[in-house]
Amino acid sequence: MLIDFFYTLRDARVPVTIREFLDLLAALESDAGIHSIDDFYFLARTILVKDEAHYDKFDQAFGKYFRGIDTLFEKRPDIPLDWLEQRLKRELTPEQKAALEKFGYDKLMDRLQELLKEQKERHEGGSKWIGTGGKSPFGNGGYNPEGIRIGGESTHRRAVKVWEQRSFQDYDDQKAIGTRNIKIALRRLRKFARTGLHEELALDDTIRATANNAGYLDLRMQPERKNNIKVLMLLDVGGSMDDHIALTEELFSAARSEFKHLDFYYFHNCVYDYLWKNNHRRHAERFPTMDVLRRYPPDTKLIFVGDATMSPYEILQPGGSVEYNNPEAGAAWMQRFTNTFPKAAWLNPEPEGLWQYRQSIAIMQQLMAGRMFPVTLDGLDRAMRLLSK
């Protein structure tokens, strides 16, 4: 059953041997107490990976192979899968779409609770029940200006909440850059200083000192010139950002090579009270956002990377996150970040011509005091000039 998993690891250049793979199978046969995908993850990583340097490659291969296997709803009533079988897709006219009513966030959540108590069978093509292919704000495969997507795939990207546990993949910081222009644009932010031990030959000072010493060689040394800039990068991942993975990986990889003092965290759509560094372990290994705010000095350059495309509730409403009930609105956390780090910018991979059609982008631009730039050569150049002032 796991032979394809073995080859997936080998394709990802994880140096796993047949002997280690057989050890994993033997551990599974011995009833090693594996009761969840998380248990299997730690067992497989312990047996198959002998060097921490390969952890990231293992995580990416593991996520690729087991994507979507762990989608259990936590602390929520079960909704039968046959309710969500998509047998019909309805195409609504623009006039029909415009006529649909928006419930509002609080009313939407209250109505979902009522339906969970009332509904006894699957439904499709309607405007009331949890189902598929209709105008109801609950289910998938249809259309509603504001709803809760339950199962299925995103079609119109208008859901204010998503009822599933989604697995995102880390951005690859080793991705080959197709052009050097991104690196060149980022270099505007670099700030060099000579610190540390005097280990590098100071040629001009040596020539001057030798000349003053009647031609006898007088070596002068100086500290190595290093890029002293500190960068904190917060990356949006998953959802609509899946359309921008290639561009974001190029940007991320270039930043990792250009900035020695770079730290990063992931978030989804908007920052809330937790951030994470590993998307496959984001529910188990997360960092309180308040700790992140306190960890870095105020002169740190803050860079958000995301398309800022979401429901406005996700920014302005407590509990507005698509994934859980956040106690504070995302706008409150954005304000804390911009107050803590005066030098901040938002890089948006969404084409700038589409920004005017996204209400959430306008809100995020306002929270960033207009410091949002497209991920183009000109946009990167303007962002780096602003941060370097």
Side-chain angles (χ1 to χ4, degrees), residues 1-76 78 81 151 153 162 164-176 233-239 241-242 245-246 248-250 252-253 255-257 262-268 274-288 291-292 295 323-324:
M1 181 180 70
L2 295 176
I3 289 182
D4 287 341
F5 176 50
F6 173 78
Y7 285 114
T8 300
L9 292 174
R10 295 293 291 268
D11 291 342
R13 297 185 179 179
V14 179
V16 55
T17 66
I18 295 177
R19 176 70 264 172
E20 291 164 345
F21 180 67
L22 292 176
D23 289 342
L24 174 63
L25 297 181
L28 292 174
E29 290 177 355
S30 66
D31 190 17
I34 306 301
H35 304 296
S36 69
I37 191 68
D38 286 344
D39 293 338
F40 176 75
Y41 165 83
F42 284 113
L43 177 68
R45 193 180 72 174
T46 301
I47 294 176
L48 301 178
V49 183
K50 303 304 182 184
D51 188 339
E52 292 183 359
H54 301 299
Y55 275 4
D56 285 345
K57 295 178 183 177
F58 175 83
D59 287 351
Q60 291 171 12
F62 190 93
K64 178 181 178 181
Y65 186 81
F66 290 101
R67 178 176 298 168
I69 195 171
D70 189 10
T71 56
L72 297 178
F73 304 147
E74 296 182 356
K75 299 180 181 178
R76 293 170 178 170
D78 290 335
L81 292 179
E153 298 292 332
V162 177
E164 66 180 355
Q165 181 174 316
R166 292 182 287 178
S167 177
F168 304 144
Q169 183 168 313
D170 294 345
Y171 290 126
D172 185 0
D173 63 350
Q174 301 301 318
K175 184 175 179 66
M233 184 172 282
L234 303 183
L235 299 126
D236 183 8
V237 65
M241 280 297 291
D242 288 348
I245 288 177
T248 304
E249 285 185 334
E250 288 188 357
F252 185 33
S253 184
R256 289 294 293 267
S257 67
L262 170 71
D263 211 348
F264 71 92
Y265 295 89
Y266 292 114
F267 66 96
H268 180 54
Y274 289 100
L275 302 168
W276 58 92
K277 279 182 169 288
N278 185 324
N279 282 304
H280 298 302
R281 303 292 307 149
R282 64 194 180 104
H283 296 293
E285 299 172 3
R286 54 186 186 176
F287 300 83
D291 289 352
V292 175
R295 185 173 300 153
E323 299 189 301
Y324 76 111

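By convention here, the first residue in the shown sequence is residue 1. Only heavy atoms go into these numbers, but all of them, side chains included; no hydrogens, no water, no symmetry mates.
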- Query: Which pairs with one or both residues in residues 5-19 pass salt bridge (charged side-chain N to carboxylate O under 4.0 Å, His left out), sequence neighbours excluded?
  - Reply: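 Every salt bridge (charged side-chain N to carboxylate O under 4.0 Å, His left out) pair that includes a residue of residues 5-19, provided the two are not neighbours, is R19-D23.
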[X] side, atom [atom1]; [Y] side, atom [atom2] - distance, nearest 0.5 Å:
X    : Y    : atom1 : atom2 : value
T248 : D236 : OG1   : CG    : 8.5 Å
E250 : I245 : CD    : CD1   : 12.5 Å
L2   : L28  : CG    : CG    : 6.5 Å

Determine, step by step, whether D263 and K277 satisfy the salt bridge (Lys or Arg N to Asp or Glu O under 4.0 Å) criterion, reporting the C-alpha distance in whole Å, the side-chain angles of both residues, the deciding distance to 0.1 Å, and the verdict. CA-CA 10 Å; D263 211 348; K277 279 182 169 288; 2.6 Å; yes
| said: Is it the case that over 12 heavy atoms from other parts of the model lie below 6.0 angstrom from the CZ atom of F42? | reply: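 Check passes, neighbour count above 12.
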Non-neighbouring partners of P15 that pass side chain to side chain contact (heavy atoms under 4.5 Å, CB included), sequence neighbours left out: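 By the side chain to side chain contact (heavy atoms under 4.5 Å, CB included) rule, P15 matches H54.
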| request: Report yes or no: does Q60 contribute a side-chain atom to a donor-acceptor pair with the main-chain N or O of K57 at less than 3.5 Å? | output: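 No; zero donor-acceptor contacts below 3.5 Å.
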Aromatic contact between F264 and Y266, with the criterion being ring centroids under 6.0 Å apart: yes or no?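 F264 vs Y266: aromatic centres under 6.0 Å.
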Listed partners of [X] passing side chain to side chain donor-acceptor pair (under 3.5 Å), at least two apart:
X    : answer
R286 : none
R295 : Y265
Y41  : R45, D59

Identify the heavy atoms of [X] and [Y] that sit nearest to each other, and give their distance.
X    : Y    : value
I47  : E20  : CG2-O, 3.4 Å
A61  : L9   : CB-CD2, 3.7 Å
A255 : M233 : CB-CE, 3.7 Å

Measure the acute angle between the ring planes of F6 and F21, then classify it against the limits of 30° and 60° as parallel, tilted or perpendicular.
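Aromatic pair F6/F21 classed tilted.
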**OP:** Taking the side chain as every heavy atom from C-beta outward, state whether L48 and L24 have any atom pair closer than 4.5 Å.
**Re:**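 Sidechains of L24 and L48: in contact.
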Item checked: 4.5 Å side-chain heavy-atom contact, F62 and F5 ->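 Of all side-chain heavy-atom pairs linking F5 with F62, at least one is under 4.5 Å.
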